[in-house]
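Here is the structure we will look at.
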2 protein chains.
Amino acid sequence: MRRMTARPENTHQARLLRLLRDNGSNSRAQLGDLVDLSRSKLAVEVDRLLETGLVVADGLAPSRGGRRSHNIRLAPTLRFLGVDIGATSIDVAVTNAELEVLGHLNQPMDVREGPVAVFEQVLAMAAKLRASGLAEGFDGAGIGVPGPVRFPEGVPVAPPIMPGWDGFPVREALSQELGCPVMVDNDVNLMAMGEMHAGVARSVGDFLCVKIGTGIGCGIVVGGEVYRGTTGSAGDIGHIQVEPEGRACVCGNRGCLEAHFSGAALAADAEQAAREGRSAHLAARLETVERLTAEDVSAAAAAGDPVALELIRAGGKRLGQVIAGLVSFFNPGLVVIGGGVTGLGHTLLASVRTQVYRQSLPLATGNLPIVLGELGPAAGAIGAARLISDHVFSPA
Amino acid sequence: MRRMTARPENTHQARLLRLLRDNGSNSRAQLGDLVDLSRSKLAVEVDRLLETGLVVADGLAPSRGGRRSHNIRLAPTLRFLGVDIGATSIDVAVTNAELEVLGHLNQPMDVREGPVAVFEQVLAMAAKLRASGLAEGFDGAGIGVPGPVRFPEGVPVAPPIMPGWDGFPVREALSQELGCPVMVDNDVNLMAMGEMHAGVARSVGDFLCVKIGTGIGCGIVVGGEVYRGTTGSAGDIGHIQVEPEGRACVCGNRGCLEAHFSGAALAADAEQAAREGRSAHLAARLETVERLTAEDVSAAAAAGDPVALELIRAGGKRLGQVIAGLVSFFNPGLVVIGGGVTGLGHTLLASVRTQVYRQSLPLATGNLPIVLGELGPAAGAIGAARLISDHVFSPA
DNA sequence: CTTCTTTCTCCACATGCAGGACAAAGTTTG
DNA sequence: CAAACTTTGTCCTGCATGTGGAGAAAGAAG
């Protein structure tokens with residue numbers, strides 16, 4: 001079960017591994033252009049990487065006007081596991097060393113069932129992916145949980161929506177079970193990493209990634225690195241006050257953003273509208289299902305239901321207020337909006353944009369794109385794979 | 001005029017220079033404990049630094065149980081100039097290489113008089129300090145301006161309260177005049193650097209530094225480094241909305257924090273209270289001066305005037321609302337409050353604290369000190385010296 | 001006064017790396 | 001098709017740098 005994946009011996013090797021991860025197969029000559037090492041040094045390091053098995057030869061590159069160069073690539077047998085535990089579902093993906101998703105499973109599950117039950121499920125899903133021939137074992141696993149994490153130890157801390165998880169040694173436990181290195185992070189941070197690696201945020205140094213799911217969170221990226229804050233709770237914007245005497249929130253305060261707009265709040269608003277007969281569309285839907293969800297609102301909006309559209313617009317305005325403040329404060333180069341309710345799509349986006357561009361100063365918004373995430377439900381799992389690959393591809 | 005200050009040749013030397021700057025005179029042996037270099041290597045680098053003249057011998061250290069070690073220190077003739085241009089006044093300080101303030105001048109001046117007039121004043125003040133024998137020349141100068149700056153070029157960009165400064169080549173011009181390296185930054189960022197170097201924020205990696213002056217700004221420090229944002233406008237929190245249909249602000253919006261609480265807003269509120277006869281204390285003051293200032297409010301509060309106290313409390317609440325949001329988002333390890341109106345002191349602080357601790361989640365506020373700055377009016381100038389010393393003490 | 005500790009210098013040795021020479025493999029030109 | 005030029009990869013030498021030990025210098029402890 002346990003795989004002894006080699007680790008790079010120095011920063012040069014780590015650099016090369018990451019280049020190969022991000023740019024795919026590459027010729028030795030091309031690598032030479034990228035890394036500013038002498039030919040001899042480069043040859044030595046590449047040879048050592050080939051010896052460790054992390055890297056393998058991959059045929060000849062096309063000629064660039066002279067002798068053809070030898071291609072190398074990351075070992076095609078390397079596998080990373082990306083796990084994204086949401087409030088109501090679990091995503092598990094297998095990737096190769098280039099972080100391309102080879103297989104992806106999604107399973108509904110309430111995180112409140114506790115770490116033991118969730119773990120069982122995650123392991124079962126991982127086993128299923130392995131059984132389907134996608135992987136023989138894993139060289140590393142990243143896992144995201146919907147709450148703050150003490151990052152160095154990989155342990156959730158005081159997660160409001162995850163009773164029973166406080167202090168559970170997620171990293172240690174999963175590492176034991178899978179027999180490979182594991183890193184744990186907040187799900188929102190992983191979404192940000194995913195979008196940074198393979199999504200809209202490629203080549204942006206400083207950006208925000210707002211995730212609207214059951215709750216609302218925000219990933220913060222500073223200089224290409226996720227910023228986690230002093231206690232790992234940075235980006236917890238769900239409980240910023242948007243209405244001085246607003247709705248009561250589960251956190252005990254009033255007027256929190258999450259209480260006014262989030263997957264949960266949207267569903268509640270929709271149900272109320274349906275019951276009060278304000279929306280025929282939503283009422284009809286409520287006849288067939290027990291409880292409405294954010295997806296129902298999204299469907300109603302797509303069908304042109306005015307009440308649903310208004311709910312989304314009002315929510316976008318609230319969200320926009322908060323984002324406007326964050327933009328003034330943080331002056332990001334990009335704002336990404338993602339998460340389960342991306343289905344709300346452009347209605348939401350338009351509403352957020354209007355609010356931000358109106359409220360923030362021109363210097364901060366001047367060239368500020370506000371866009372939807374590109375990776376959809378896979379963002380978290382890809383980010384998780386990226387997290388662990390950064391770890392595995394760094395000197396031991 | 002031009003002084004050719006030597007620069008370190010490599011990162012080891014830079015490291016040593018900064019240690020000497022931050023810890024003062026030090027024995028070679030002690031440095032050896034701090035830097036993890038072999039004795040021989042350390043000796044070589046120190047010798048080279050002695051050759052350049054950046055570092056000089058400084059007698060013998062007390063014995064640590066054996067042969068006494070030779071002390072070294074930064075050259076006592078090194079001088080940095082720290083300039084802090086506020087909206088209504090200019091601070092100029094001369095420091096030695098350890099960034100101890102040797103001389104400090106303050107001069108009222110409206111920044112709106114434009115870069116040329118302000119420059120003249122700054123140069124006159126620098127000349128005065130030099131004439132008083134504190135410095136023969138400067139080895140570097142840092143300068144802070146009350147608006148966003150394109151940091152790499154050292155040029156203000158679209159500063160709302162500094163008409164005429166947009167695009168003015170501050171760095172270039174000052175460097176020409178003084179004949180030494182110059183760095184330019186936002187005044188709030190420099191205050192943060194000052195408090196980090198010599199104030200309350202020593203040894204804190206991630207913190208916020210809120211400056212309340214004519215306007216309101218916030219310095220952001222991430223991992224010991226100032227974060228400036230994509231266009232250099234990070235920390236511009238004065239125009240975050242605190243009241244949906246609040247007061248009109250100079251920026252064109254309504255309900256901005258600055259419109260409700262800042263040096264300017266406070267003065268305006270106080271005048272109104274005085275005119276309406278709500279405060280005998282403030283009214284009396286208004287008889288002797290033409291316009292009230294934040295200092296007058298501060299004095300009235302110190303004398304127990306209930307209206308002044310209430311103004312401060314209300315302002316603190318507004319400020320607290322915004323800071324609470326930022327704390328949730330950024331999860332800092334410390335919040336420093338400073339700026340001209342620090343005289344408002346503990347009344348303001350109490351009000352802010354109440355609001356933040358009430359509104360933010362326990363995980364973020366659990367161990368979060370909210371304190372007043374320690375350096376008072378010198379913070380900006382010290383931060384400016386620190387900025388340029390970081391530059392001078394880095395490899396060329 | 002002797003012994004031990006600490007500091008500092010000097011030196012021999014190892015290591016690591018750059019850069020040139022050269023061979024191998026292709027392309028282009030006449 | 002041959003000659004000339006380009007690019008790539010390997011080998012090797014020389015230089016630079018840094019490590020760690022030996023030993024001298026300076027002081028503390030007994």
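The chains referred to below are lettered A, B, ... by the order of the sequence lines, with proteins before strands, and numbering in each begins at 1.
- The distance between atom CG of Leu60(B) and atom C1' of dT6(C), rounded to the nearest whole Å, is 13 Å.
- When atom types are taken as modelled, the side chain of Arg28(A) and the backbone of Arg39(A) share no donor-acceptor pair closer than 3.5 angstrom.
- Ionic pairing of Lys41(B) and Asp36(B) is not present here: no N-O contact between side-chain nitrogen and carboxylate oxygen is shorter than 4.0 angstrom.
- With axes fitted over five pairs at each extremity, the angle between the ends of the helix from dC1(C)-dG30(D) to dG30(C)-dC1(D) is 10° (10° resolution).
- Arg39(A) comes within 4.0 angstrom of a base, heavy atoms only.
- Rounded to an integer number of Å, the gap from Arg68(B) CZ to dA29(D) P is 13 Å.
- Remark: C1' of dT19(D) and CD of Glu45(B) are 14 Å apart, rounded to the nearest angstrom.
- The distance between atom CZ of Arg64(B) and atom P of dT5(C), rounded to the nearest whole Å, is 15 Å.
- One atom, CG of Leu31(B), and another, P of dC8(C), lie 10 Å apart when rounded to the nearest Å.
- Rounded to whole Å, atom P of dC8(C) lies 11 Å from atom CG of Asp33(B).
- At a threshold of 4.0 Å, the pair Arg48(B)-Glu51(B) does not count as salt-bridged, since none of the basic side-chain nitrogens sits closer than that to a carboxylate oxygen.
- Protein atom CG of Leu50(B) is 10 Å distant from nucleotide atom P of dT9(C), rounded to whole Å.
- To the nearest angstrom, C1' of dT17(D) lies 16 Å from CG of Asp47(B).
- Side-chain proximity of His70(A) to the nucleotides dG9(D), dT10(D), dC8(C) is greatest for dG9(D).
- With respect to the salt-bridge test (charged N to carboxylate O, under 4.0 angstrom), the residues Glu374(A) and Arg202(A) qualify.
- Shown here for Arg7(A) and Ser394(A), the closest heavy-atom pair between the two residues is NE-O, 3.1 Å.
- Residue side chain Ser40(B) reaches the base of dG20(D) through a donor-acceptor N/O pair under 3.5 Å, judged by distance alone.
- Two residues, Gly65(A) and Arg28(A), neighbour DNA chain D, and the one matched to the more 5' nucleotide by heavy-atom proximity is Gly65(A).
- For Ser38(A) and dA18(C), the shortest distance from a side-chain N or O to OP1 or OP2 is below 4.0 Å.
- Asn96(B) contributes no side-chain N or O that, together with a main-chain N or O of Arg79(B), makes up a donor-acceptor pair within less than 3.5 Å.
- Judged by distance alone with a 3.5 Å cut-off, no donor-acceptor contact links the side chain of Arg67(B) to the base of dT6(C).
- Under 4.0 Å is where a charged nitrogen must lie from a carboxylate oxygen, and between Arg21(B) and Asp390(B) at least one such pair does.
- A sub-4.0 Å separation between OP1 or OP2 of dT7(C) and a side-chain N or O of Ser27(B) is absent.
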